[in-house]
Number of protein chains: 2
Amino acid sequence: MTRESAFPQVENAPAPTRRERVRQATSREIKEIARRHLTAHGASGVSLRAIAREMGMTAPGLYRYFTGLGDLMEALQADLFAELAAAVDAAEASVPAADTDGRLLAALRAVRAWGLANRAEFALLFGPAASQAAAAEDSPAAEAGRRFAATFVALFDQLIAEGRFTVPAEAEASPALRSQLEAFARLTGFSGDRASSGAIRVLLSCWVRFYGIVCMEVFQHLGFVADDMEALFEAELRDLAAGLGVAYRAP
Amino acid sequence: MTRESAFPQVENAPAPTRRERVRQATSREIKEIARRHLTAHGASGVSLRAIAREMGMTAPGLYRYFTGLGDLMEALQADLFAELAAAVDAAEASVPAADTDGRLLAALRAVRAWGLANRAEFALLFGPAASQAAAAEDSPAAEAGRRFAATFVALFDQLIAEGRFTVPAEAEASPALRSQLEAFARLTGFSGDRASSGAIRVLLSCWVRFYGIVCMEVFQHLGFVADDMEALFEAELRDLAAGLGVAYRAP
DNA sequence: GAGAAAAGTGAACACCGTTAGCTCGCTTAC
DNA sequence: GTAAGCGAGCTAACGGTGTTCACTTTTCTC
């Protein structure tokens with residue numbers, strides 16, 4: 001087992017003991033199985049007992065790894081956010097770095113594609129905020145969510161920097177709205193000086209619109225419109241891009 | 001119990017027998033209690049055994065009224081759609097019939113208000129399409145959903161009739177999109193001749209946008225923006241109205 | 001009042017999350 | 001090298017769930 005030493009230790013990682021490694025592996029396995037059950041039977045189809053059974057152990061044993069089913073689901077949520085973020089990054093990376101327009105379009109399409117390919121997972125991330133009351137601002141899941149959002153914040157930030165779209169006059173917004181938008185910009189990490197509340201408003205509006213069309217499709221409302229809503233999505237994306245001063249391109 | 005005869009029989013209703021009446025009452029009671037549990041503990045907090053316990057009977061007895069938990073939830077969904085539709089109609093009715101603009105704004109605000117006041121219920125109606133595979137096109141729930149949608153179809157239809165907004169050129173849309181939009185118009189009952197695919201596209205786009213902002217708020221995403229997203233909602237509503245040629249008015 | 005149909009019950013099956021107390025084996029300290 | 005300690009996992013148990021089946025009780029109809 002000294003083969004492991006072939007992989008150079010990550011700097012500052014405190015030499016994970018053997019126990020630690022097998023622990024990580026078990027934890028990963030639990031989440032893998034949970035993910036499979038999620039995909040196959042939806043969020044309510046994930047059960048500790050079934051997972052344990054599949055692993056050849058008993059349910060109480062899982063409590064050594066997660067404090068309960070809710071905790072597992074939260075961990076899963078964090079992983080899924082990371083997976084989605086990776087899918088988005090990959091899509092973005094397949095476009096020249098200088099091509100901001102292409103990167104934004106690719107990123108948005110990647111979110112939709114991932115959602116359609118992973119309905120239950122998408123619902124877990126973007127559906128009704130189940131139980132978690134306040135959703136613990138500092139939970140790993142929330143953290144992963146922010147990391148996902150960061151990709152889009154960066155893209156949007158660039159649009160602002162390049163002065164792509166015309167910003168509505170500040171006077172149009174009520175003071176309440178303005179202060180909310182400013183707080184939002186601060187929290188999400190938009191570059192403070194350039195990102196006027198008007199610009200944030202435009203971006204947030206686009207994001208809401210995008211969220212709406214993707215949720216509708218993934219949650220299978222408007223199912224009566226058509227099986228394949230790609231045409232509608234692309235039409236919406238075209239409008240969205242237009243509003244942002246981004247040149248639309250067919251996929 | 002002959003007091004019942006004081007209420008004139010509804011025409012064509014085949015004289016409900018006493019048994020039938022008490023059956024209806026029990027059915028209503030089951031749904032009432034289910035609704036309370038839904039409100040209090042979310043969709044997963046609705047259980048047949050708990051309902052039966054509260055009614056002083058046993059769970060298997062409920063199978064005389066619903067074929068299972070899923071069936072109950074579907075019935076509940078239908079009732080909730082009706083309740084939401086009633087709330088919307090009430091809001092609409094509080095505005096002069098001739099004031100199309102006011103009625104539309106009131107109707108949209110009513111949906112948001114209902115959703116915020118009934119989060120779990122809203123999630124049941126507009127959240128991820130749980131299990132029901134195809135969601136049975138002809139289920140009572142789907143029927144109730146269509147009746148809810150009809151209110152907005154009527155309002156939108158009127159906007160089209162009044163030629164409120166400029167319709168994008170037909171040529172802009174791909175053939176695939178056009179045929180989808182036309183199918184949609186047919187299915188939802190837009191008045192065929194006037195409702196061009198372009199007009200439908202504008203309306204659908206607005207609906208998606210509205211869906212997006214309300215879902216985000218009700219599902220408590222963007223929770224970090226602010227507790228009270230009313231300002232943002234109103235801003236969005238203003239834009240939406242502008243796009244439809246509807247005069248925005250503060251609530 | 002007899003017979004049929006509906007309403008409701010009890011027991012059982014197969015699941016579920018979670019807790020408590022225990023055993024066994026690996027790791028660490030002496 | 002051995003003894004202590006700690007972590008992983010197990011068994012048993014509690015209370016909860018949906019659902020089925022056979023049975024009894026109630027109610028309506030003739």
Side-chain angles (χ1 to χ4, degrees), chain A residues 1-2 4 14-31 33-34 36-38 40-77 124 130-133, chain B residues 1-2 4-5 14-31 33-34 36-38 40-77 120 124 130-133:
Chain A
M1 273 298 176
T2 51
E4 309 289 1
T17 119
R18 158 169 172 79
R19 249 231 275 263
E20 198 54 36
R21 267 178 297 138
V22 45
R23 183 171 226 283
Q24 295 298 329
T26 307
S27 193
R28 247 197 315 275
E29 188 186 356
I30 295 171
K31 291 192 288 186
I33 300 181
R36 279 215 314 276
H37 290 198
L38 175 63
H41 311 109
S44 66
V46 180
S47 89
L48 294 180
R49 290 190 119 114
I51 293 170
R53 208 178 304 134
E54 191 166 332
M55 293 178 67
M57 61 186 280
T58 61
L62 300 184
Y63 282 73
R64 294 274 169 197
Y65 299 87
F66 300 95
T67 69
L69 180 61
D71 189 33
L72 205 194
M73 294 308 271
E74 237 179 85
L76 208 46
Q77 217 178 331
L124 199 61
S131 47
Q132 63 257 39
Chain B
M1 272 297 179
T2 52
E4 309 290 0
S5 58
T17 118
R18 163 173 165 72
R19 243 228 280 261
E20 200 53 35
R21 267 178 298 138
V22 39
R23 184 171 226 284
Q24 294 300 328
T26 309
S27 193
R28 247 198 314 275
E29 187 186 356
I30 294 172
K31 290 192 289 187
I33 299 180
R36 278 216 315 277
H37 291 197
L38 174 64
H41 311 109
S44 66
V46 180
S47 91
L48 293 180
R49 291 190 117 113
I51 294 170
R53 207 178 304 134
E54 191 166 331
M55 293 178 67
M57 59 186 280
T58 61
L62 299 185
Y63 282 74
R64 296 272 168 196
Y65 298 89
F66 300 95
T67 69
L69 181 63
D71 190 34
L72 205 195
M73 294 308 271
E74 239 178 82
L76 208 48
Q77 218 178 329
L124 199 60
S131 48
Q132 63 258 39

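Reminder, nothing fancy here: chain letters follow the sequence lines and each chain counts from 1. Keep in mind the model is a prediction, meaning the values are calculated, not measured.
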OP1 or OP2 of C:dT18 less than 4.0 angstrom from a side-chain nitrogen or oxygen of A:Y63, does that happen here?
yes
Nucleotide C:dC16, atom C1' - distance to CG of A:L72 in whole Å:
15 Å
Without decimals, in angstroms, what is the distance between B:R23 CZ and D:dT26 C1'?
15 Å
Whole angstrom is fine here: how far is it from CG in A:L62 over to C1' in C:dG17?
11 Å
Expressed as a whole number of angstroms, how long is the span from B:L69:CG to D:dG16:C1'?
14 Å
How far apart are the closest heavy atoms of B:G42 and B:A120, and which atoms are they?
CA-CB, 4.1 Å
So, OP1 or OP2 of D:dT17: does either fall under 4.0 Å of a side-chain N or O from B:R53?
yes
Phosphate OP1/OP2 of C:dA4 contacted by B:R19 side-chain N/O (<4.0 Å):
no
Any base atoms under 4.0 Å from A:G56, or only sugar-phosphate, or nothing? Heavy atoms, all strands.
sugar-phosphate
Any donor-acceptor pair under 3.5 Å joining the side chain of A:R49 to the base of C:dG17?
yes
Length of the line joining A:I30:CD1 and D:dA8:C1', which is rounded to integer Å
11 Å
Side-chain heavy atoms of A:R21 within contact of A:R18, under 4.5 Å
yes
Would you say the base of D:dG9 and the side-chain of A:R64 have a donor-acceptor pair closer than 3.5 Å?
yes
Could you state the atom-to-atom distance from CZ of B:F66 to C1' of D:dG18 in whole Å?
16 Å
Comparing B:A59 with B:V22, nearest DNA chain D nucleotide closer to 5' gives the residue B:A59
Would you say the side chain of A:I51 lies within less than 4.5 Å of the side chain of A:L72, judging by non-hydrogen atoms?
yes
Take the protein atom CD of B:E20 and the nucleotide atom P of C:dA6, then report the distance between them rounded to whole Å.
10 Å
Considering just the side-chain nitrogens and oxygens of A:T58, establish if one lies under 4.0 Å of OP1 or OP2 belonging to D:dC10.
yes
Side-chain donor/acceptor of B:T26 to backbone N/O of B:V22, under 3.5 Å
yes
Return the minimal non-hydrogen interatomic distance between A:A75 and A:F66, and the atom names on each side.
CB-CE2, 3.7 Å
note: B:L48, atom CG; D:dT20, atom P; distance rounded to Å ~ 11 Å
Does a nitrogen or oxygen in the side chain of A:Y65 sit under 4.0 Å from OP1 or OP2 of D:dG7?
no
